[in-house]
J.: 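First, the structure itself, so that you have it in front of you.
Please read these numbers as outputs of a predicted model, since none were measured by experiment.
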Amino acid sequence: MPDVSMMLVAIVALALFFDYTNGAHDSANAIATIVSTKVLSPKVAVLMAATLNLIGAFMGEQVAKTMGSGIVNAEVVAGCQGIVLAALIGAILWNLLTWYLGLPSSSSHALIGGLIGAAIAYSGFEALNFISIIRKVIIPLVLSPLAGFLGGYLLMVLLSWLFHKAKPRNVNSLFRKLQIVSSAFMATSHGQNDAQKTMGIITLALFLSHQIPEIHVPLWVKISCALAMGLGTATGGWKIVKTMGHKIFKLEPVHGCAAETAAAIVITGASHFGAPISTTHVISTAVLGVGASKRLSAVRWGVAGSMVLAWIITIPASGLVAGLSFLLLQHLGLS
């Protein structure tokens, strides 16, 4: 078996730390609505989300394969582990900044942007798998938030029609129970998509260092990433929970159930096709869609605008940081 380099050890450790920050940063995806509607206490909601994130991480590996071989051309960057290290540095720095600011930006796109930026810094645009990036990243980047908005809007309209004659107290009581199910669905889908992204990054590093013969996720990688994300989720991301659950639209249990269900359906479908989408984008726009179904003025569009700005700049910003990080590693002889 080939020797394991200190570079590879550092990459795996940093990747697991990124997965931890991803879980903490994106914990809002699964628990913001259920906490804001007071269906569950924050502690119970976080414990449930962490457990189901862990379970979801083992459900398939299509997204991991996209991250491992669908962003960069492995044959062009073969042997250069520094690309993966720089990508992780760029993604983590951006994650920590937006976490501190309480902005629900995309950890997924931070990682993708980091990988793209580092690869370009290494060998130019020929290092990128443009067809796969367009099919698996760019198109889902545009369509998934729209699907989340439309799904939340239509589902809320349907529920409003079905229960328009019911007493508000009975509706509230029913959806307080149903929201536990929808939140569990959301947490599982989050683990299914997000944890696999880090699995793909570690698998790419193993392939580039000749530890594995092909892009296939080893079992120990799955277990490590699942545990790291679950632990991160358990710490919570309370600033982002506040933004997601209170500042966009004042949620009631029926709204939270509709938003979570719509978002989870979109995320699960994307995971099936191997698209590493932003779970943050999808649940955010699903909440917006639910709010818009009531009336457009019910949504605080100023907060939504700040979120959109964070989405737009995530890939180029994390890519720039990763590219500069790679050049620094190269200067220090570490790449």
J.: Checking the side chain of Q192 only, and the main-chain atoms of T188 only, is there a donor and an acceptor separated by less than 3.5 Å?
T.: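 Not at all, since once roles are kept as given, no pair shorter than 3.5 Å links the two residues.
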
J.: Checking L88 against F17 for the side-chain contact (heavy atoms from CB on, under 4.5 Å) test, could you report, in this order, the C-alpha distance in whole Å, the side-chain angles of both residues, the deciding distance, and whether it holds?
T.: CA-CA 9 Å; L88 288 166; F17 176 68; over 6 Å; no

J.: So does S183 get a backbone contact from the side chain of E260, meaning a donor-acceptor N/O pair under 3.5 Å?
T.: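 At least one qualifying donor-acceptor pair exists.
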
J.: Does the side chain of V254 come within less than 4.5 Å of Q179's, by heavy atoms?
T.: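 Result no, sub-4.5 Å side-chain heavy-atom pair not found.
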
J.: Enter the distance from L328:CG to Q330:CD here, rounded to the nearest 0.5 Å.
T.: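 It comes to 10.5 Å.
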
J.: If only atom types and distance count, is the side chain of T51 paired as donor or acceptor with the main-chain N or O of L47 below 3.5 Å?
T.: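 Yes, the answer is positive, given that a donor and an acceptor are paired below the 3.5 Å cut-off.
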
J.: Do Q196 and M67 come within less than 4.5 Å of each other through their side chains, counting heavy atoms only?
T.: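 No, their side chains stay 4.5 Å or more apart.
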
J.: To check you understand the geometry: which heavy-atom pair defines the closest contact between F273 and K136, and what is its length?
T.: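 Scanning both residues completely, I find the closest heavy atoms to be O-CE, 3.4 Å.
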
J.: Distance-only, no hydrogens or angles: does the N129 side chain make a donor-acceptor pair with backbone N or O of V72 under 3.5 Å?
T.: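 Not a single qualifying donor-acceptor pair exists.
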
J.: Looking at S189 and M186, would you say the former's side chain and the latter's main chain have a donor-acceptor pair under 3.5 Å?
T.: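 Answer holds: yes.
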
J.: More than 12 foreign heavy atoms under 6.0 Å from CG of L162: is that the case here?
T.: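 Yes, enclosed.
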
J.: Just to verify, which of L54, I202, I201 counts as forming a side-chain contact (heavy atoms from CB on, under 4.5 Å) with C225?
T.: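 The single option meeting the side-chain contact (heavy atoms from CB on, under 4.5 Å) with C225 is I202.
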
J.: Does any non-hydrogen side-chain atom of K177 lie less than 4.5 Å from one of S173?
T.: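 In short, these two side chains touch, coming nearer than 4.5 Å.
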
J.: Please walk me through it: do W220 and V12 pass side-chain contact (heavy atoms from CB on, under 4.5 Å)?
T.: CA-CA 11 Å; W220 70 266; V12 172; 4.2 Å; yes

J.: Can you tell me if T268 uses its side chain to pair, donor with acceptor, with the backbone of I265 under 3.5 Å?
T.: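 Such a contact is absent between T268 side chain and I265 backbone.
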
J.: Mind checking whether Q81 and S5 have side chains closer than 4.5 Å, heavy atoms only?
T.: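 Of all side-chain heavy-atom pairs linking S5 with Q81, at least one is under 4.5 Å.
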
J.: Is any side-chain heavy atom of L115 closer than 4.5 Å to one of L204?
T.: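 In short, these two side chains touch, coming nearer than 4.5 Å.
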
J.: Over 60° means perpendicular and under 30° means parallel, so classify the ring planes of F130 and F125, tilted if in between.
T.: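 Ring orientation, 0 to 90° scale: parallel.
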
J.: Which heavy atom of M156 sits nearest to which heavy atom of A258, and what is that distance?
T.: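 Distance-wise, the nearest heavy atoms are SD-CB, 4.0 Å.
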
J.: How far apart are the closest heavy atoms of I116 and I71, and which atoms are they?
T.: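 Scanning both residues completely, I find the closest heavy atoms to be CG1-CG2, 3.8 Å.
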
J.: Answer whether the closest heavy-atom distance between the side chains of F326 and I83 falls below 4.5 Å.
T.: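 SC-SC contact between F326 and I83 confirmed.
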
J.: What closest approach, in Å, do M199 and T203 show between heavy atoms, and which atom pair accounts for it?
T.: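 Between these two residues, the closest heavy atoms are O-OG1, 2.7 Å.
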
J.: Between S132 (side chain only) and G70 (backbone N and O only), is there a donor and an acceptor less than 3.5 Å apart?
T.: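 Judged by distance alone, yes, a pair lies under 3.5 Å.
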
J.: Which heavy atom in L93 sits nearest to a heavy atom in V321, and how many Å separate them?
T.: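 Scanning both residues completely, I find the closest heavy atoms to be CD1-CG1, 3.7 Å.
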
J.: Any donor-acceptor pair under 3.5 Å linking the side chain of S108 with the backbone of S278?
T.: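 Side chain of S108 to backbone of S278, a donor-acceptor pair under 3.5 Å: no, none is there.
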
J.: To the nearest 0.5 Å, what is the distance between CG (L143) and CG (L150)?
T.: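 That separation rounds to 11.5 Å.
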
J.: Does C257 reach the side chain of T261, with side-chain heavy atoms less than 4.5 Å apart?
T.: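 When only atoms from C-beta onward are counted, T261 and C257 do touch, with a gap below 4.5 Å.
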
J.: Are the side chain of S69 and the backbone of T66 linked by a donor-acceptor contact shorter than 3.5 Å?
T.: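 No; judged by distance alone, with no hydrogens or angles, the pair does not exist.
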
J.: Could you tell me whether the side chain of L159 reaches within less than 4.5 Å of the side chain of F175, counting heavy atoms only?
T.: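 Yes, their side chains come closer than 4.5 Å.
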
J.: Check the pair N193, T279 against side-chain hydrogen bond (donor to acceptor under 3.5 Å, both in side chains), reporting the backbone distance first and the verdict last.
T.: CA-CA 8 Å; N193 198 280; T279 54; over 6 Å; no

J.: Counting distance only, does the side-chain N/O of T285 pair as donor-acceptor with the main-chain N or O of L288 below 3.5 Å?
T.: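 No; zero donor-acceptor contacts below 3.5 Å.
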
J.: What is the minimum heavy-atom distance between D19 and D194, and which atoms define it?
T.: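 Scanning both residues, the minimum pair turns out to be OD1-O, 4.4 Å.
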
